[in-house]
Amino acid sequence: MRYAQIVLPLNLKGSFTYKVPEELVPVIQTGMRVLVPFRGKKIYTGIVFEIHDIEPEGFIPRDVISVLDEFPILPKEQIDFWNWLSAYYLCTLGEIYRFAFPSSLKLESETYLKLKPNVTVDFENLDVNEMYLIQALEVRQLINLTDLEAFIPKKDIIKTINSLIDLQYIEIDEKIGEKYKAKEVAYVKINERLLDNESLTAILAKLNKAPKQKDLFLLILSNQTENPDTYIKKSDLFEDGIFGHSHLKPLVDKNFVEEYYQQKDRLESYEGEIEEIEELSESQKKAKEEIDQAFEEKRNVLLHGVTSSGKTHIYLEKIEECVNQGKNVLFLLPEISLTKQITQRLEKKYGRKLGFYHQKLTDFEKVEVWRRIKNNDIQILVGTRNALFLPYQNVGLVIVDEEHDSAYKAREVSPYFNAKDSALVFGGFYDARVILGSATPSVESYYLARKEKMKYIFLNERFGNVQLPEFELINFKEAQDSKKVSGNFSLHLLDEIKKTLEDRNQAIILHNRRGYANVLECESCGYVNYCSNCDVVMTYHKAANEMKCHYCGQRASRPKACPKCHSENLNERGVGVEQIHEEVSKLFPDKEVDRMDVDSMRKKFAYEKLYEKIEDRETDIVVGTQMISKGLDFDHIELVAIPKADSLLYVQDFRAEERAFQLITQVAGRAGRVSGKGKIYIQTFNPEHSVFQLIKMNKVTKIYYHFLEERKKFHYPPFTKLIMIELKHRREDKVNRASQFLGSVLRKYLPEECVLGPERSQIARINNLYQFQILLKLPRGKNYEKYKHQVLLSLKDFNEITAYQSIKKDVFVDF
DNA sequence: AGCACGCCGACT
DNA sequence: GTCGGCGTGCTC
């Protein structure tokens, strides 16, 4: 007897045991997709994680219905990776499965209704809905549940179906079908048998009465004789509007013209020239040699290269080497929108052997990448965090670019894994080497590399020996006191911007807060506009003239008067990027000032358009949020200003200073990339702040030493491991009680100093769910697994309380 | 997760 | 009296 452990695309723990029927025993393998029944007639696509012959106890397993794959879709390495993810991040395999697979690859059965054979229906006793349904079934035989909503009110559906089943008129069935459809293109050609002169004359004679058809026939014929080897696209025939389907159809019906279809890739590939990469500079060569050496010792690498040091260059060399060894490369980026430079360079070299994968592809496009990876047609895959789950056969190199970027961390959907850390483990399973690259490595990675867990390689020189930009701290308090300010800008900064523009150069202004004003406050009664779903104030967006909640997305029109006291004096408080943009536009009325933030980039191709505008130097000043710190590599940006830099530090988060450092350094890196004369202006009330001082001095080792000292002092990572448990529920008292309970259980299992909280989350309510959190600070190293096991036990105790099962619980490991 | 079962309030 | 609200339990 053979049994299989099957993972289902549901948020359920572990796998389920199914019996493998005799006929499937020779074909089933781990990593294949199978169809299995689950709960009644419902059918799911599961994945075989294990095949064994241990008879289960306590229940009778059901049979595997069928095997969907000829070869395993998940390689062994991925199965190991999933198991590791599930154990490390305390999530279920089902969650990983759902996240990893495009939905077309995990078919679910759909429920259909049909009439029972040979029934006679007594319409007298049926109500309107029942009658509708029976009549519909008599016409269409099968109806799925979603179609039903079109003619029966939603709330009556269940009732109607149940009643008709009771009457034995209808029955329920499940159907499962392939969702993926290859994209097909229609072609036409003249029927070959007619291609001799005699038949052609006869046909043309026949078509004399239909001149349009005749012309179309002649068009196809001439195309075909001109280029006998190329196909004639059906859509091309109709392009100039002279002919239509009504002219072609008779020709096809009379068998003069044949129509046929060809499958076409949805994925556009580069078809242009293939270029070689340029030679490395001396310092790049040295860095590359160090990487080679580390790889010899099977060690991973943290490549810490200052902005414009040409990390990409080194990546390209390593990619080339890896491909030449017949192995494939996975190149991870935090967001696909910033792939322009790297993909342009890779495309020119690898053409069709390059693939992309990210969440913005359509489902069918994803399936096509899956197939190409599985067929080993892709040598280099550029993708975001979800690209870790493609069915790679042999990976030799993994590159995680901008490794410090928080986009590698998932906070929205489970599994809550960090793609940067996971990539290191992933590399281990494939026996591939990993390069983490950044100009501002995360404190954690820096620490690991310094502790020799990875090879640390520092590229301290910009490409072409170009100077790093110069930092100037502007004491805004002093400027204010001496009346040398205009709005949010010191006169000194405005002067510098003016000079930059006069030289026909460009400037960037960073202000990391969306909207126009943070709060709209009533002057007479102090009323502020709260979101009705969340415990946050609504942000005023002037461009859209509306109030937006940045947490649940709710929008409302801007109130004309205070809803409480009807005063019309509403103050705009807290400066947003829209306001800075407006201010700068007024200060430089004859210059082109553009804004770049999520709100202004929402339209399709808005980013691309602005990108080109900046590239063509039509834009003089770009005002934006953190978005402008990424990917804007242009030659003529010479000045970067951060008018309200203090706002970067006043964030309640132990990583606030690290983030501020990363953001400032990254945006500073946009300046003076070619000239080496970039200038950075940081306006602050606090020029003495150690982070600003350290950035200004540009002593990298000192900065990280500072961060590490702070982390050590307050027991934060990398010196401890954090796990954050967040509980959510519609009712505040309930989630409060539940988190108190979980807190006490955790304290029972763990030392007192490890458990912090529970406490109300910083935002106590989002989308009408009240949130509480418990923070666990666990020791690193050997004991960590032991402690984590205790956490699991606590969660198990908690789950056993049935009253708390409706509480949504999220566990963030390495929070 | 989703879906059925089962126990209490608001209506014909 | 019924309908339907959602809290609870289970799925190989």
Side-chain angles (χ1 to χ4, degrees), chain A residues 1-21 24 28 30 32-67 86 90-101 103 106-113 127 129-130 144-146 148 152-163 165-166 172-174 176 412-416 727-731 733-735 737-738 768-769 795-796 798-811:
Chain A
M1 278 302 189
R2 303 240 90 185
Y3 300 94
Q5 292 307 123
I6 310 290
V7 171
L8 294 171
L10 302 168
N11 186 15
L12 297 169
K13 250 191 153 169
S15 55
F16 292 84
T17 312
Y18 284 83
K19 206 174 103 198
V20 184
L24 294 181
I28 197 167
T30 45
M32 284 179 170
R33 291 175 306 150
V34 291
L35 291 184
V36 290
F38 190 70
R39 200 177 25 220
K41 283 189 169 182
K42 192 94 186 150
I43 297 164
Y44 287 95
T45 310
I47 299 179
V48 184
F49 257 53
E50 208 189 319
I51 297 166
H52 59 86
D53 37 40
I54 304 158
E55 197 182 337
E57 280 174 47
F59 61 90
I60 297 152
R62 299 173 75 177
D63 276 9
V64 171
I65 299 171
S66 63
V67 176
S86 154
L90 306 178
C91 60
T92 64
L93 288 169
E95 283 173 311
I96 300 173
Y97 176 23
R98 294 219 300 200
F99 180 80
F101 271 58
S103 49
K106 33 175 207 230
L107 318 165
E108 259 178 55
S109 65
E110 226 183 329
T111 309
Y112 281 86
L113 302 177
D127 69 19
N129 288 330
E130 291 164 353
N144 76 26
L145 287 183
T146 37
L148 261 186
I152 297 181
K154 216 169 175 176
K155 64 181 181 66
D156 293 336
I157 289 181
I158 303 281
K159 209 173 86 184
T160 310
I161 293 173
N162 283 338
S163 138
I165 290 174
D166 282 349
I172 287 177
D173 206 2
E174 297 280 332
I176 193 158
E412 312 301 322
V413 278
S414 176
Y416 304 111
L727 302 174
K728 300 181 195 175
H729 197 269
R730 254 172 332 110
R731 279 173 43 202
D733 55 328
K734 189 159 183 170
V735 61
R737 256 182 293 126
N768 284 322
L769 294 176
L795 289 171
K796 217 173 127 204
F798 180 81
N799 286 337
E800 271 165 24
I801 310 289
T802 51
Y804 294 152
Q805 284 197 346
S806 58
I807 286 173
K808 192 173 154 44
K809 180 177 79 239
D810 286 314
V811 182

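Below, chains carry the letters A, B, ... as their sequence lines are ordered, and counting in each starts from 1.
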| N/O donor-acceptor pair under 3.5 Å between A:Y18 side chain and A:P37 backbone |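 Yes.
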
- Task: Give a yes or no answer on whether the side chain of A:K106 reaches the backbone of A:F101 with a donor-acceptor pair at less than 3.5 Å.
- Result: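 Yes, because the side chain of A:K106 sits within donor-acceptor range (under 3.5 Å) of the backbone of A:F101.
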
task: Provide the closest heavy-atom pair for A:M1 versus A:D53 in the form atom of the first, atom of the second, distance.
output: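 Taking A:M1 first and A:D53 second, the nearest heavy atoms are O-CB, 2.9 Å.
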
Does the side chain of A:R62 get closer than 4.0 angstrom to OP1 or OP2 of C:dC12 through an N or O atom?
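Yes.
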
Under a 4.0 Å heavy-atom criterion, the protein footprint on nucleotides 5-12 of chain B, written with B, S and -, is --------

Inset, instruction - Return each pair, listed once, that meets side chain to side chain donor-acceptor pair (under 3.5 Å) where at least one residue sits in residues 55-64 of chain A; pairs must be two or more places apart or across chains. - result: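 Of all non-adjacent pairs touching residues 55-64 of chain A, none passes side chain to side chain donor-acceptor pair (under 3.5 Å).
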
What is the distance, rounded to the nearest whole Å, between atom [atom1] of [X] and atom [atom2] of [N]?
X: A:F99; N: B:dA1; atom1: CZ; atom2: P; value: 16 Å
X: A:H729; N: C:dC6; atom1: NE2; atom2: C1'; value: 10 Å
X: A:H52; N: C:dC12; atom1: NE2; atom2: C1'; value: 10 Å
X: A:K41; N: B:dC3; atom1: NZ; atom2: C1'; value: 16 Å
X: A:I807; N: C:dC6; atom1: CD1; atom2: P; value: 17 Å
X: A:K734; N: C:dC6; atom1: NZ; atom2: P; value: 13 Å
X: A:L93; N: C:dT11; atom1: CG; atom2: P; value: 19 Å
X: A:I43; N: C:dT11; atom1: CD1; atom2: C1'; value: 15 Å

Over all strands shown, is A:F38 touching base, sugar-phosphate only, or nothing at heavy-atom distances under 4.0 angstrom?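 Base, at least one base heavy atom under 4.0 Å.
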
**Proximity to the side chain of A:R39 - top-ranked nucleotide from B:dC3, C:dC12, C:dT11** =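 Per side-chain heavy atoms of A:R39, the pick is C:dT11.
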
Review point. Around A:K19, counting heavy atoms of other residues, nucleotides and ligands shown, do more than 12 lie under 6.0 Å from its NZ?
Key: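 Open: at most 12 neighbouring heavy atoms sit under 6.0 Å from NZ of A:K19.
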
*asked:* Within the 4.5 Å heavy-atom criterion, are A:L727 and A:K808 side-chain neighbours or not?
replied: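 With C-beta onward as the side chain, the pair stays apart.
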
Going by side chain to side chain contact (heavy atoms under 4.5 Å, CB included), name the residues that satisfy it together with A:L10, two or more places apart in sequence or in a different chain.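 Expected list: A:L8, A:L12, A:F38, A:Y44.
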
| field | A:L795: partners by side chain to side chain contact (heavy atoms under 4.5 Å, CB included), with sequence neighbours left out | value |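 By the side chain to side chain contact (heavy atoms under 4.5 Å, CB included) rule, A:L795 matches A:I725, A:L742, A:V791, A:K809, A:V811.
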
Discussion item. What residues from residues 5-15 of chain A pass a heavy-atom cutoff of under 4.0 Å to DNA chain C?
Written reply: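 A:L12, in order of number.
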
Using ring-ring contact (aromatic ring centres under 6.0 Å, His included) as the criterion, list what pairs up with A:F49, not counting sequence neighbours.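 ring-ring contact (aromatic ring centres under 6.0 Å, His included) check on A:F49 returns A:W82.
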
